[in-house]
Protein chains: 2
Amino acid sequence: MAAHYPLTTRADARRNRERILSVAYQAFADDPDVPFTTIGKLAGVGAGTLYRNFPTREDLVLAVYRQELQSMVDSVHDLVTEYPPLDALRVWLLRLADFARVKHGLGEALQTAAGKDVAHEADTPVAEAVAVLLRACEKAGDVRPGLDAADVLLLMGFLWSRAAGDAGEQQTRRVLDMAIAGLQ
Amino acid sequence: MAAHYPLTTRADARRNRERILSVAYQAFADDPDVPFTTIGKLAGVGAGTLYRNFPTREDLVLAVYRQELQSMVDSVHDLVTEYPPLDALRVWLLRLADFARVKHGLGEALQTAAGKDVAHEADTPVAEAVAVLLRACEKAGDVRPGLDAADVLLLMGFLWSRAAGDAGEQQTRRVLDMAIAGLQ
DNA sequence: ACCTGAACACCGTTCAAGT
DNA sequence: ACCTGAACACCGTTCAAGT
């Protein structure tokens, strides 16, 4: 009596999962408290399908988080080819700051055990992304040599916690510029 | 047709309000997502009474926040008489760190407009409390002179945001000790 | 003036029936 | 194998009736 595992996922099943993920980010950004079932409706799937793919709200939040952070990390390559090194660093960190704001809006899902795992699992790729940007700046002589990516991220984390509490984008930008000036 | 305002609050009304506040802190600490109506039941009041006193969950959260922070500030005087200055500072900052953890658990009520007002309104008394503790340490020669209370709080805020994300009490204690060592 | 608690609305979650 | 959506449970909120 061998169990039967499907060799391929059914096409509609894959489509449904992708649809949910693609509406979820915007839905969470618009309203962090959006009813879970509403996301299913927006994606045009039944409640059962929503729950089979993401048994809890947290599962969906974390999947969205993972997806967005991945696309952030993937964007590094294009940035360093398109912009001067220092601008690439600034743009990327600004995007990360925006993401951190949304992440904060996503609620405390990242404070749970599973959430910390996901957040922690992202640490290495994110640190590597920063390392790539820093190395480009270093080569161009835009920052002082020997800067540690983890240190930079720690500093950024500090800025975000302040920025989230107080004013919005403007302040984030100003403080970020101050921090970058400090790296030079 | 002058409106009639009660000259004195009815005794049972005052009692009810106090009862709600006294159960709320523990209830939130036990489970930040405790159903709002459950707090009414724990306090032994009807849903209507709960809602008249605290129209929204946020109102109750903020009232609890205010109350607890007030008692923290009030405790400074006893601490500086009971403990050596540096110990008083350490104990008080540890308590504040514990409170910050619970505050975090209280959810994002403090991120709203009203929440920021309350948090901001607390800044001055809290900074004064720290200033009192610092001055005592300075007089005893335990810290270097000229330390700014706001700077110390900024540093603490940084520690908490790290501590909340990662490990709990142990790490908070270690990092706090490092920070205090830095003040000396 | 203040209280209680039943009543209603809304959202989370499951599961029987369908393709 | 996967889907839909009705059905049920639970919590938030109001308000008529009581003291």
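Numbered from 1 within each chain, the chains take letters A, B, ... in sequence-line order. No hydrogens, no waters, no symmetry mates; every other heavy atom, side chains included, goes into these values.
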Atom pair distance, as rounded to whole Å: CG in B:N53 and P in C:dC3: 7 Å
Return the set of residues passing ring pair (Phe, Tyr, Trp, His ring centres under 6.0 Å) with A:Y51 (not counting sequence neighbours), or none when no residue passes. A:F36
Please give, in whole Å, the distance from C:dC2 P to B:D12 CG? 8 Å
Give every residue pair that meets the salt bridge (Lys or Arg N to Asp or Glu O under 4.0 Å) criterion with at least one member in residues 61-79 of chain B, sequence neighbours excluded. B:R66-B:E121
Any salt bridge (Lys or Arg N to Asp or Glu O under 4.0 Å) involving residues 13-25 of chain B? Give me the pairs, sequence neighbours left out, ordered by first then second residue. none
Could you tell me whether B:A47 contacts a base, only the sugar-phosphate backbone, or nothing, with contacts defined as non-hydrogen atoms closer than 4.0 Å? base
Nearest-nucleotide wise, let me know which of A:R57 and A:T49 is further upstream toward the 5' end of DNA chain C. A:R57
Quick one: list whatever passes salt bridge (Lys or Arg N to Asp or Glu O under 4.0 Å) with B:D59, sequence neighbours left out. none
May I ask you to list the residues of residues 37-45 of chain A, by number, that have any heavy atom positioned under 4.0 Å from an atom of DNA chain D? A:G44, A:V45
Per nearest nucleotide of DNA chain D, the residue lying toward the 5' end, B:G48 or A:N16, is A:N16
Nucleotide N/O of nucleotides 17-19 of chain C paired with protein N/O under 3.5 Å:
none

May I ask you to test the B:L86-B:V143 pair for a side-chain heavy-atom distance under 4.5 Å? yes
Please report the distance, rounded to the nearest Å, between CG in B:D59 and P in D:dT13. 11 Å
Over how many whole Å does the gap from A:F54 atom CZ to C:dT14 atom C1' extend? 19 Å
In whole angstroms, how far is the P atom of C:dG12 from the CG atom of A:L50? 10 Å
Report yes if some heavy atom in the side chain of B:Y83 is under 4.5 Å from a heavy atom in the side chain of B:R90; otherwise report no. no
List for me each residue that meets side-chain contact (heavy atoms from CB on, under 4.5 Å) alongside A:D31, sequence neighbours excluded, and say none if there are none. A:D33, A:V34
Fill in the dot-bracket string of DNA chain C, one character per base: . for unpaired, | for a pair to another strand, ( ) or [ ] for pairs within the strand, taking Watson-Crick or G-U pairs under 3.5 Å. ||.|||||...|||||.||
Report the residues that fulfil salt bridge (Lys or Arg N to Asp or Glu O under 4.0 Å) with B:D12, sequence neighbours left out, ordered by chain and then residue number. B:R10
Partners passing side-chain contact (heavy atoms from CB on, under 4.5 Å) against B:P35 (at least two apart in sequence or in another chain): B:T37, B:T38
Reckon B:F36 touches a base, only the sugar-phosphate, or nothing at all at heavy-atom distances under 4.0 Å? sugar-phosphate
Just how far is it from atom CZ of B:R135 to atom CG of B:L89, taken to the nearest 0.5 Å? 13.0 Å
Is the phosphate of D:dC3 approached by A:R52 (side-chain N or O, under 4.0 Å from OP1 or OP2)? yes
Calculate the interatomic distance between B:Y51 atom OH and C:dA6 atom P; express it in whole Å. 16 Å
What integer distance in Å separates A:E58:CD from C:dT13:P? 12 Å
Counterpart residues, side-chain contact (heavy atoms from CB on, under 4.5 Å), relative to A:Q67 (two or more places apart): A:L21
Rounding to an integer number of Å, can you tell me how far B:R15 CZ sits from C:dC3 C1'? 12 Å
Applying side-chain contact (heavy atoms from CB on, under 4.5 Å), name anything that partners B:A140, two or more places apart in sequence or on another chain. B:P85, B:D142
